[in-house]
Amino acid sequence: MIGVLALQGDVAEHSRLIRQAGGEVCPVRRPRELAGLAGLIIPGGESTTIGKLLVAFDLYDELRGAIKEGLPVLGTCAGLIMLADTIVGGTEDQRTLGGIDMVARRNAFGRQVDSFEADLAVRGLDDPFRAVFIRAPWVERVGSGVEVLAEYEGHPVAVRQGSLWATSFHPELAGDPRIHAAFLSATAVQ
Ligand code: GLN
């Protein structure tokens with residue numbers, strides 16, 4: 001059973017792709033809904049808002065604890081920012097869950113190129129993945145334990161550290177379940 005954090009973002013699309021990849025899925029809004037999950041997806045949205053909502057829904061400490069204990073998580077776009085140990089370009093009071101030893105820069109691609117799509121080579125996938133970037137972060141620095149799965153113009157945009165996965169782009173928007181499937185199968189064998 002994979003949870004999808006349902007405070008903001010493309011909850012329905014992420015849920016559909018997990019089902020398509022053969023998994024079961026449920027929305028997560030309350031601390032008790034974290035219990036027994038095999039993994040969690042943190043959708044995109046606005047990372048500052050997600051941080052505040054996590055606190056308001058009493059999920060912040062619970063989720064940090066679950067991540068420390070090894071809960072597999074796939075964070076996309078703002079979800080990548082939430083999983084970064086360090087954020088640049090954030091607000092003063094911005095909260096991150098952390099877990100991945102990386103520096104994420106918010107809105108890194110700048111205003112001119114607010115949103116764009118690109119065909120990316122992603123490690124482990126045979127064919128390019130159509131990646132949709134929306135006011136996306138990039139990864140500015142990774143620690144030695146972090147595997148870079150994809151880059152765009154020299155910047156890491158998909159990474160993995162152990163059971164934590166993160167993409168700068170929105171894998172749910174192209175309707176391609178391969179990244180969800182990879183997360184699901186890595187999660188299932190843990
Ligand atoms: N720009 C957003 C942030 O900083 C992320 C955008 C997104 O998730 N599409 O949180």
Side-chain angles (χ1 to χ4, degrees), residues 2-18 25 27-29 39-57 59-60 63-64 67 73-120 122 129-142 146 148-153 155-161 164-180 183:
I2 302 292
V4 180
L5 186 67
L7 304 177
Q8 236 194 8
D10 296 330
V11 178
E13 287 80 355
H14 279 294
S15 303
R16 192 163 49 78
L17 290 185
I18 286 289
V25 74
V28 171
R29 286 189 200 84
L40 180 76
I41 294 180
I42 304 181
E46 206 52 55
S47 52
T48 47
T49 308
I50 294 172
K52 286 179 188 149
L53 290 173
L54 284 172
V55 174
F57 281 75
L59 276 164
Y60 182 76
L63 192 45
R64 259 178 91 95
I67 290 171
V73 181
L74 167 64
T76 66
C77 201
L80 172 144
I81 297 170
M82 295 309 298
L83 290 176
D85 281 348
T86 310
I87 303 172
V88 284
T91 59
E92 293 241 311
D93 59 346
Q94 180 152 8
R95 276 167 188 268
T96 169
L97 292 162
I100 300 183
D101 180 12
M102 64 177 173
V103 178
R105 178 172 290 278
R106 284 184 76 205
N107 303 323
F109 290 98
R111 260 186 221 145
Q112 267 79 23
V113 281
D114 228 20
S115 302
F116 58 96
E117 297 186 15
D119 289 317
L120 292 183
V122 179
F129 192 94
R130 187 78 180 158
V132 181
F133 293 83
I134 303 170
R135 287 177 300 108
W138 70 39
V139 176
E140 206 142 286
R141 229 177 26 240
V142 292
V146 180
V148 174
L149 303 175
E151 294 190 24
Y152 181 72
E153 292 182 342
H155 304 285
V157 291
V159 296
R160 176 180 179 184
Q161 181 173 12
L164 302 177
W165 302 52
T167 66
S168 294
F169 52 88
H170 287 262
E172 79 283 8
L173 288 181
D176 183 337
R178 287 178 297 162
I179 289 179
H180 289 70
F183 173 68

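As the structure lists them, so they are numbered: ligands from 1, and atoms in each ligand from 1.
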Using heavy atoms and a cut-off under 4.0 Å, could you grab the residues that are in contact with ligand 1, chain by chain, numbers ascending?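 Answer by chain and number: Gly44, Gly45, Glu46, Ser47, Cys77, Ala78, Ile81, Arg106, Asn107, Ile134, Arg135, His170.
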Phe169 ring center within less than 6.0 Å of Tyr152 ring center: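 They do not qualify: ring centres at least 6.0 Å apart.
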Test side chain to side chain contact (heavy atoms under 4.5 Å, CB included), reference Arg106, set Val88, Thr91, Leu80, output is Thr91
Closest approach of Pro156 and Ser168, non-hydrogen atoms and distance?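 Closest pair (atom of Pro156, atom of Ser168, distance): O-OG, 4.2 Å.
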Shortest non-hydrogen contact from Cys77 to Ala136? SG-CA, 4.1 Å
Ring pair (Phe, Tyr, Trp, His ring centres under 6.0 Å) involving His170 - partner list, sequence neighbours excluded: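 In terms of ring pair (Phe, Tyr, Trp, His ring centres under 6.0 Å), with neighbours along the sequence ignored, His170 is linked to no residue.
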Once you measure the plane-to-plane angle for Phe109 and His155, does it fall in the parallel (<30°), tilted (30-60°) or perpendicular (>60°) bin? perpendicular
